[in-house]
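Residue numbers run from 1 in the order of the sequence given.
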Amino acid sequence: GRTYRLHYALDIFKIGSVDHLITDVKVGESLINFNLKPGYLVIGDRAYSTIRGIEHCEKNGAEFILRMRKNSFTVRNEQGDPVDFLETIKCSGNEDYADVRAFATNLDGDKVPIRICAKRKDPEAIIRTQKKLKRKESKRQIKISDEAKVFNEYIVVVTNLNDRITAEEILEAYRLRWQVEIYFKRLKSILDFGELPKRRAGSVIAWLNGKL
């Protein structure tokens, strides 16, 4: 039999609106799994920060704020040349915000306009991040580059929100994602949505309806 995975997302600006998709476990986390519309603001973690996800938002008229990984995609200037991403986002102080207009390249080689906003974490958060990276190195027996460690001292997001919204407001809005994460944790703990103990798609729907 097949094992199924439930993808679900909460549209935090439309109370009670939940989008979901049932797939087998081979389907990874991606924004293309969801039906986006104009007026939606998609807030996602690092897993969703891909060119395909960005283009899916743009194609469907949705706005987005997505947390970036260091290697989410190559950041380019208007001429199409790669830029030093880390140097671009570095800030001089904790209250300073980086706000950069740049481009990313899609699979067809087209330049996709993006806006990158970043803020350096406070000293306590940086210490926590450093400890977390050390544990990761020890557990996985890997060496994280110094550049990646510096990158992790920042909160970095990519967005298509317009210039009327400041980088500070964008990063503040990104913090709302945690409320969505709490909602997901409740689904997994109270409704036991973390695992779908069924082998047929029809049985999955019946099981979910019973839980609801």
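Rounded to the nearest 0.5 angstrom, K139 NZ and Q141 CD are separated by 12.0 Å. Rounded to the nearest 0.5 Å, atoms CD (E58) and CD (E63) are 9.5 Å apart. The CZ atom of R46 sits 11.0 Å away from the CG atom of N71 when rounded to the nearest 0.5 Å. Atom CG of D99 is separated from atom CG of L171 by 9.0 Å, given to the nearest 0.5 angstrom. R186 CZ to Y183 OH: the interatomic distance, rounded to the nearest 0.5 Å, is 8.0 Å. To the nearest 0.5 Å, atoms OG1 (T50) and CG (L66) are separated by 8.0 Å.
Remark: the Y174 side chain and the R177 side chain contain an N/O donor-acceptor pair separated by less than 3.5 Å. Side chain to side chain, R52 and S30 fail the donor-acceptor criterion of an N or O pair below 3.5 Å.
R135 places a side-chain heavy atom less than 4.5 Å from the side chain of K131. Contact check for E55 versus K59: no side-chain heavy atoms found under the 4.5 Å cut-off.
Minimum heavy-atom separation, T105 to R76: OG1-NE, 2.7 Å. The two residues I65 and A173 come nearest to each other via the heavy atoms CD1-CB, 3.9 Å. Closest non-hydrogen pair, G53 versus L31, comes out as O-CD1, 3.8 Å. Of all heavy-atom pairs spanning C117 and T159, the tightest one is SG-CG2, 4.4 Å. Between A62 and N160, the shortest heavy-atom contact is O-ND2, 3.3 Å. Between K111 and Q79, the closest heavy-atom pair is NZ-N, 4.4 Å.
Every residue two or more places apart in sequence or in another chain that forms a ring-ring contact (aromatic ring centres under 6.0 Å, His included) with F151 is listed here: F85. Residues satisfying the side-chain contact (heavy atoms from CB on, under 4.5 Å) criterion with K143, sequence neighbours excluded, are E137, K149.
Other members of the cluster containing F103 do not exist, because no ILVMFWY side chain is joined to it at under 4.5 Å.
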Point to revise | Working for side chain to side chain contact (heavy atoms under 4.5 Å, CB included), residues C57 and Y40 | key: CA-CA 9 Å; C57 291; Y40 276 30; over 6 Å; no
Exercise for review: Quick one: do V42 and Y48 satisfy side chain to side chain contact (heavy atoms under 4.5 Å, CB included)? Show the steps, please.
Suggested key: CA-CA 10 Å; V42 179; Y48 297 98; over 6 Å; no
Exercise for review: Let me see the working for E153 and Q130 under side chain to side chain contact (heavy atoms under 4.5 Å, CB included), right down to the final yes or no.
Suggested key: CA-CA 8 Å; E153 294 179 2; Q130 291 171 342; 3.9 Å; yes
Practice item. Kindly determine whether L36 and F64 satisfy side chain to side chain contact (heavy atoms under 4.5 Å, CB included), including the steps that lead there. Key: CA-CA 11 Å; L36 306 180; F64 59 84; over 6 Å; no
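Listed for the R115 side chain is a donor-acceptor partner under 3.5 Å among the backbone atoms of N162. At distances below 3.5 Å, not a single donor-acceptor pair connects side-chain atoms of K121 with backbone N or O atoms of I127. Judged purely by atom type and a 3.5 angstrom limit, E169 uses its side chain to pair as donor or acceptor with the backbone of T166. In this structure, the side chain of T129 engages the main chain of A125 through a donor-acceptor pair within 3.5 Å. Between the H56 side chain and the F34 main chain, a donor and an acceptor come within less than 3.5 Å of each other. At distances below 3.5 Å, at least one donor-acceptor pair connects side-chain atoms of S72 with backbone N or O atoms of R69.
More than 12 heavy atoms of other residues, nucleotides or ligands shown are found within 6.0 angstrom of CZ on R101.
No continuous path of ILVMFWY side-chain contacts below 4.5 Å connects L133 to I155, so the two sit in separate hydrophobic clusters. Two different hydrophobic clusters hold I32 and I114 under the rule that ILVMFWY side chains link at heavy-atom gaps under 4.5 Å. A continuous path of Ile, Leu, Val, Met, Phe, Trp and Tyr side chains, each step under 4.5 Å between heavy atoms, connects V150 with V83, placing both in one hydrophobic cluster.
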